[in-house]
Undergrad: 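Below: one structure in structure tokens.
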Number of protein chains: 2
Amino acid sequence: MRSAPAAVAEVTPERFNLFDPNCPGRAVMEHIVSRWGVLVLGVLLRGTHRFGEIRAAVGGVSEKMLAQTLQALERDGMVLREVRPVIPPHVDYSLTDLGRPFAETITTLYTMIERAAPDVQAAQQAYDERKAAR
Amino acid sequence: MRSAPAAVAEVTPERFNLFDPNCPGRAVMEHIVSRWGVLVLGVLLRGTHRFGEIRAAVGGVSEKMLAQTLQALERDGMVLREVRPVIPPHVDYSLTDLGRPFAETITTLYTMIERAAPDVQAAQQAYDERKAAR
DNA sequence: CAGAATCCCAAACGATACTG
DNA sequence: CAGTATCGTTTGGGATTCTG
């Protein structure tokens with residue numbers, strides 16, 4: 001008699017594959033590299049901040065989107081949210097040990113973009129001229 | 001008579017600041033870390049590929065979004081597009097020297113997410129339970 | 001095969017008002 | 001102060017069709 005062979009493997013078709021649309025890691029990736037996620041992580045790398053401070057630091061973000069972004073990052077374990085039970089409310093946000101490396105990598109991207117800016121601008125100009133010429 | 005003092009400085013209020021909603025670097029950042037941008041860069045890090053190959057590799061992307069993503073990255077100088085004048089058309093995409101470091105950094109993020117996956121899942125579960133308990 | 005163009009819907013987003 | 005709720009608009013993005 002052969003012992004039950006079915007339902008042993010079968011799970012995780014290709015281990016962990018971000019290129020698979022059903023991979024749960026995709027959502028995490030998207031939270032981190034979302035429009036506001038990258039900026040929030042950058043701010044928090046500079047230290048603990050309150051909601052209003054983050055909102056002021058990240059130009060253009062609405063309250064709604066900031067709250068939403070922070071919640072996603074908190075749920076993923078990237079951000080720690082600490083509420084002080086006072087009136088008026090006081091809530092501090094900071095990076096967790098899990099989140100810090102991500103914030104650092106993202107910040108690397110900031111620097112890379114800044115250094116690449118002249119080349120990017122040249123490339124864009126060349127591209128636009130190439131297009132205009134047809 | 002004092003020589004014209006106005007309009008001397010004033011430009012580039014804070015040099016290069018991604019946190020400024022008007023900073024042109026923001027657009028570049030968003031192209032790179034867009035939903036499909038991160039995946040396309042990851043694929044191209046593995047080598048030169050044709051349009052259809054990339055489309056097959058990146059699960060869930062539509063033709064339209066792939067074309068759009070590739071165009072943005074090409075315009076920013078991250079991706080090189082080479083057309084071979086044959087019928088049927090043959091177009092190769094590859095990373096430029098400018099784009100490769102970005103693709104490498106993005107790929108670092110893949111790995112980080114993969115390694116963090118268990119912690120993330122635990123954090124999500126804890127978060128959901130905390131929420132459910134009220 | 002690579003992509004441009006069109007249509008159209010769902011989701012994302014911002015502004016505003018409200019609450020603990 | 002730190003959100004939540006609601007609403008109207010914009011945008012993203014998929015499906016389809018067409019062309020070189």
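Order of the sequence lines fixes the chain letters, A, B, ..., with proteins taken first and strands second; residue numbering starts at 1 for each chain.
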Undergrad: For B/V43 and B/A57, work out which heavy atoms get closest and say how close.
TA: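 Shortest heavy-atom contact: CG2-CB, 3.9 Å.
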
Undergrad: What range of DNA chain C does chain B touch, first nucleotide to last, counting atoms under 4.0 Å from its heavy atoms?
TA: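 That gives a stretch of C/dC1 to C/dC7.
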
Undergrad: Return the CG to CE distance between A/L70 and A/M78, rounded to the nearest 0.5 Å.
TA: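 Going from CG on A/L70 over to CE on A/M78, the span is 13.5 Å.
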
Undergrad: Contact list please: residues 73-80 of chain B against DNA chain D, heavy atoms, distance less than 4.0 Å, in numerical order.
TA: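 Within this stretch, nothing sits under 4.0 Å of the strand.
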
Undergrad: Under the 3.5 angstrom rule, does the side chain of A/R55 hit a backbone N or O of A/V61 as a donor-acceptor pair?
TA: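 Checked: pair present.
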
Undergrad: Answer yes if B/Y93 and B/L98 sit in the same cluster of Ile, Leu, Val, Met, Phe, Trp and Tyr residues linked by side chain heavy atoms under 4.5 Å apart, and no otherwise.
TA: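 Same cluster: B/Y93 reaches B/L98 through Ile, Leu, Val, Met, Phe, Trp or Tyr contacts under 4.5 Å.
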
Undergrad: Output one letter per nucleotide in nucleotides 1-17 of chain D: B when a protein non-hydrogen atom lies under 4.0 Å from the base, S when only the sugar-phosphate is that close, - when neither is.
TA: BSBB--B-----BBB--

Undergrad: Salt bridge check: are B/R46 and B/E53 linked by an N-O gap of less than 4.0 Å?
TA: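 No, B/R46 and B/E53 are not salt-bridged.
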
Undergrad: Does the B/R26 side chain pair with the main chain of B/F19, one donor and one acceptor, at a distance under 3.5 Å?
TA: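 Judged by distance alone, yes, a pair lies under 3.5 Å.
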
Undergrad: Using every non-hydrogen atom in the two residues, find where A/S94 and A/T48 come nearest and quote the distance to one decimal.
TA: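 Heavy-atom minimum between the residues: CB-OG1, 3.4 Å.
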
Undergrad: Minimum heavy-atom separation for B/F16 to A/Y110, with atom names?
TA: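 Looks like CE2-O, 4.3 Å.
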
Undergrad: Count I, L, V, M, F, W, Y as connected when their side-chain heavy atoms are under 4.5 Å apart, and connections chain through other members. Are B/L80 and B/I54 then in the same cluster?
TA: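 Looking at the clustering, B/I54 is in a separate group from B/L80.
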
Undergrad: Is it true that A/R75 and B/D128 have a side-chain N and a carboxylate O under 4.0 angstrom from each other?
TA: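 Salt bridge: yes.
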
